[in-house]
**Student:** 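Quick one: this structure, given as structure tokens, is what I'll be asking you about.
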Amino acid sequence: MSAAMDRMMAGMMVKPSGDVDRDFVAMMLPHHQGAIDMAVAELRYGHNEQLKRIAQEIIIDQQQEIAAMKLAIGQPLPPSTPAPTQGGDHHSPIEH
């Protein structure tokens with residue numbers, strides 16, 4: 001959790017560009033990714049089933065908001081990849 005928070009806080013340190021919309025997105029993307037990283041940690045290591053369900057919802061919601069914000073400012077979306085809790089990557093994003 002601490003690594004996810006550190007990465008999120010560092011990512012939010014954006015030099016203002018003068019374009020409020022782009023600055024908003026530039027700061028919100030790491031904020032949302034931080035929420036995803038923390039939710040993944042909860043899914044992998046948590047024990048409370050209610051919190052794990054909430055974590056799953058957070059991942060979906062935050063991914064959708066990231067995509068919507070990128071599209072709103074004309075940024076391309078990355079290629080589709082498996083959800084952070086699916087697929088072959090068994091390393092936690094908070095370990096990178």
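Values below: all heavy atoms of this structure, side chains included; hydrogens, waters and symmetry mates excluded. This chain uses plain numbering: 1 for the first residue, then up along the sequence.
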**Student:** Just so I know, are the side chains of Glu57 and Ile60 near enough to count as touching, which here means a heavy-atom distance under 4.5 Å?
**Tutor:**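 A side-chain contact under 4.5 Å is absent here.
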**Student:** Does Glu42 have any side chain to side chain donor-acceptor pair (under 3.5 Å) partners at least two apart in sequence or in another chain, and if so, which?
**Tutor:** none
**Student:** Rounded to the nearest 0.5 Å, how far apart are CD of Gln33 and CE of Met28?
**Tutor:** 12.5 Å
**Student:** Give me the atom names and distance for the closest heavy-atom approach of Lys70 to Pro76.
**Tutor:**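 So the minimum-distance heavy-atom pair works out to CD-O, 4.1 Å.
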**Student:** For a quick test of reading the model, state the closest non-hydrogen atom pair linking Pro16 to Asp23 and the distance between them.
**Tutor:** CA-OD2, 3.5 Å
**Student:** Rounded to the nearest 0.5 Å, what separation is found between the CZ atom of Arg7 and the CE atom of Met38?
**Tutor:** 10.0 Å
**Student:** Quick one: pull up NE2 in His47 and NZ in Lys52 and give me the separation to the nearest 0.5 Å.
**Tutor:**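 Going from NE2 on His47 over to NZ on Lys52, the span is 8.0 Å.
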**Student:** Do you know which two heavy atoms are closest between Ile59 and Ala39, and how far apart they sit?
**Tutor:** CG1-CB, 3.6 Å
**Student:** Output the rest of the hydrophobic cluster of Leu51: all Ile, Leu, Val, Met, Phe, Trp and Tyr residues reachable through side-chain heavy-atom contacts under 4.5 Å, sorted by chain and number.
**Tutor:**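 Answer for Leu51: Ile54, Ile58.
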**Student:** Under 4.5 Å side-chain heavy-atom separation, chaining through any Ile, Leu, Val, Met, Phe, Trp or Tyr, what else clusters with Met27? Say none if it is isolated.
**Tutor:** Val14
**Student:** With rounding to the nearest 0.5 Å, note down the distance linking CD in Gln50 to CZ in Arg53.
**Tutor:** 6.0 Å
**Student:** Can you check side-chain contact (heavy atoms from CB on, under 4.5 Å) on Val25 and Leu29, steps first, answer last?
**Tutor:** CA-CA 6 Å; Val25 172; Leu29 292 180; 3.8 Å; yes
**Student:** Got a second to check how far Gln62's CD is from Ile66's CD1, nearest 0.5 Å?
**Tutor:**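 These two atoms lie 6.5 Å from each other.
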**Student:** Report whether Ile73 and Met69 are members of the same hydrophobic cluster (ILVMFWY, side-chain heavy atoms less than 4.5 Å apart, transitive linking).
**Tutor:**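 Yes, one cluster joins them.
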